[in-house]
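Working notes for the structure below.
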Amino acid sequence: MLYFEKRQSVPQRFKVVIPIISLLIGLIIGAIAVAIVGINPLDVYGGILSNAFGSWYAFSETLVAATPLILITAGLIVVFKMNIWNIGAYGQYIMGAIFSSYFALFASNGLSKPIMLSVMVTASMVGGAIWALIPTLLKIFWEVNEVITTLLLNYIALYILKFLMYGPWKNPTSYGFPLSKTFPQNAILPILFNGTRLTIGIIFALIAVLIIWFLIKKSKFGYEIRVIGDNPLAARYAGISVNRDIIIGMAISGALAGLAGMTEVSGIVHYLQVKIGADYGYTAIIVAWIAYLDPLVTILASTLFGGLASGGYSLQITMRVSYGIVGLIESITLFSLVGAQIFLNYKLRWKNGSS
Amino acid sequence: MKKLFALVLTFLVLVLFGSGNVTYAKQGKIKVAFLYIGPHNDGGWSQAHDEGRIYLQKHLPYVITSYSESVPEGAPCEKVVRDYIHKGYKVIFGTSFGFMNCLYNVAKDYPNVIFEHCSGYKTRKNMGTYFGRMYQVDYLAGLVAGMTTKSNYIGFVAPFPIPEVVREIDSFTIGAREVNPKVTVHVIWTNSWFNPVKERSAAETFIANGADIIVSGCDSPASIEAAKKAGIHAIAYDRDIHNMFPKTVLTSRAWNWGVYYVKVLKEVHNGTWKSERYWGGLDTGIVKLGKFGDTVPEKVKAYVLKKEKEIKEGKFKIFEGPIYNQHGKLMVKKGQELPDKDKLSLQWFVKGVVGSIPR
């Protein structure tokens, strides 16, 4: 019979080979699905590729979508390594957007752009961190499961945003529609390259990745969170302050999700509304896994995902396929990428005889 | 490792070149793109626009149309629009309010592309807005409801407390109470354009309280189905769905975007298009009253059609005073009409509406 056997050690090349093979398997299953509805799968995949990476403009849009993903994922890695499951990046992203928008909407007078943007960046990180610390403290003091609390706080954040948009922050000249006023010029992130929507947000994201990489690989904190992830009890005996590290980790994770919210409202949308792309907070969870919780691989994985999303919308235009088909391919590919990770740590064995 | 890299590279090259056979428009035709907020066959708002697109495609041989469905209102919208423009599309119709800032931003960069935004208020030299005076149809539907209700309790399942919807509720109530002053119109907000669960439960709440007519202001048929199940009547929105519910639906308040799309493309073709804020009424055909339900009496039909004719000819104005608000305060004096700018920012209910506008 077939059974899984745990690998003693994971060969380095497997980390490259397994995702590529599982990506191909996912694409093949997706191709069968597409072929069933009567569309040439090569056209579809070619369409996604050229719409995501085929020109400088397309690639810049891929990076626009990748920016918040990189930021959120970099933060999630820190807590995931401790086996702390922050499902609340969605809400932390929204709180970051709300906190930074407050300054853009009500306190922007007379400030120079660099100062204004620094205030907004700080506010967004504080907002995201606060939203992440609520469930953290509940966990530490009362052992409340953080999966549930972080998830539920997402809804609370969304309803706070809705309340502000339908109530006190609604633009009086928007004919009753739930939008804030447009941000003043000094509250808008500068564009990196003319003709694109790529802002210096992507630079924030790259700096964040470098800092997280340094923290995890080179600092004492990074060593500690690895020990906590492997065996929290042993970590405690070794004199590591587990609670302190969890608080620091969640604060970092929330702050980066909040910053992602800020780069989106200040860099892309330019006002606050109910739909600000907070779903990135859920996508980032998958991206973190596909990136093996490695901060540098995050850049690659987020770019891939950004490409899938942005190429998918364009595919409707070039190929006349429904949006459902694009979503189907994306989901199948993700499923096989994440599912195949079992082969990293386990190998499939065949055992003869009865069992 | 090298082998694997080569394999992947081969795959990518294959895919990239395999995709070269996408067909583009023929020379000399105007390429027109439509953005939908929902699926093109959602049975409501987006489908009404898609029927308009098909109508346009059939009537003008010199246009080629395309659409993108389920386009999110946030960041991805701009990418979709710019993609169309890079592919040579010259006219872009954004069919949801949420696309306003997206179109407004892109329009700045492409002065030679024409943008048409449905239901918004921002315009540029190359960006116009369009909408229909659905309140005229709401008034007619109100007449039908006022003359056929027995319990005098009508439930209005309403999406958002925005002026467009407030206007619909007000004009419907004006119609219903003109023929039956005992009628009260009750409002529940779902805070969503499309949420079958909330729409159904709102309808069921009305039914439990004695409503015998449900008016749908939302985009799903859920409240109509609830009315059918309870054996009472309903008034539909977005499209004429008499065929689906011949006994339940008294009439529909239907959009008919095709006539406007043909008008715009004719102007573009002739080089006479100009940015404007278009707000067409019953006389233009952009809004229309659907087929009457099987149970609607002939004398009701005759009265409603007579009123429709008067509105089309400009002889009858719905928001002409005296009009009182919910609390009995005179809002429009006798002999005066509420000006368009006040209609567009309407935030009060007329007498006879039970419900409130959240602030």
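Every chain is numbered from 1, with letters handed out A, B, ... down the list of sequences.
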Calculate, to the nearest 0.5 Å, the distance between atoms CG and NE2 belonging to A/Asn51 and B/His86 respectively. 12.0 Å

Working to the nearest 0.5 angstrom, can you tell me the gap between B/Asp83 CG and A/Ser310 OG?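 Answer for the CG-OG pair, B/Asp83 versus A/Ser310, is 7.5 Å.
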
Is the number of heavy atoms from other residues, nucleotides or ligands under 6.0 Å of A/Phe163 CZ greater than 12?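 Count not over threshold, so no.
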
Using the test side chain to side chain contact (heavy atoms under 4.5 Å, CB included), find all partners of A/Ile18 that sit at least two apart in sequence or belong to another chain.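 Once residues adjacent in sequence are excluded, the partners of A/Ile18 under the side chain to side chain contact (heavy atoms under 4.5 Å, CB included) criterion are A/Phe14, A/Ala340, A/Phe343, A/Leu344.
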
Locate the shortest heavy-atom distance separating B/Glu78 from A/Tyr57; write the atom from each residue and the value.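 Answer, listing the atom of B/Glu78 first, then A/Tyr57: O-OH, 4.3 Å.
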
Which atoms of B/Tyr84 approach chain A - backbone, side chain, both or neither, heavy atom under 4.5 Å: both

Pull out the residues in residues 113-124 of chain B that come under 4.5 Å of chain A, heavy atom to heavy atom, sorted by number. B/Ser119, B/Tyr121, B/Lys122

Are A/Arg197 and B/Lys79 packed together at the side-chain level, in the sense that at least one heavy-atom pair is separated by less than 4.5 angstrom? yes

Should A/Leu179 and B/Asn101 count as side-chain neighbours, where that means a heavy-atom distance under 4.5 Å? yes

Report which part of A/Ser55 has an atom under 4.5 Å of a heavy atom belonging to chain B: side chain, backbone, both, or neither.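 For A/Ser55, no heavy atom lies under 4.5 Å from chain B.
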
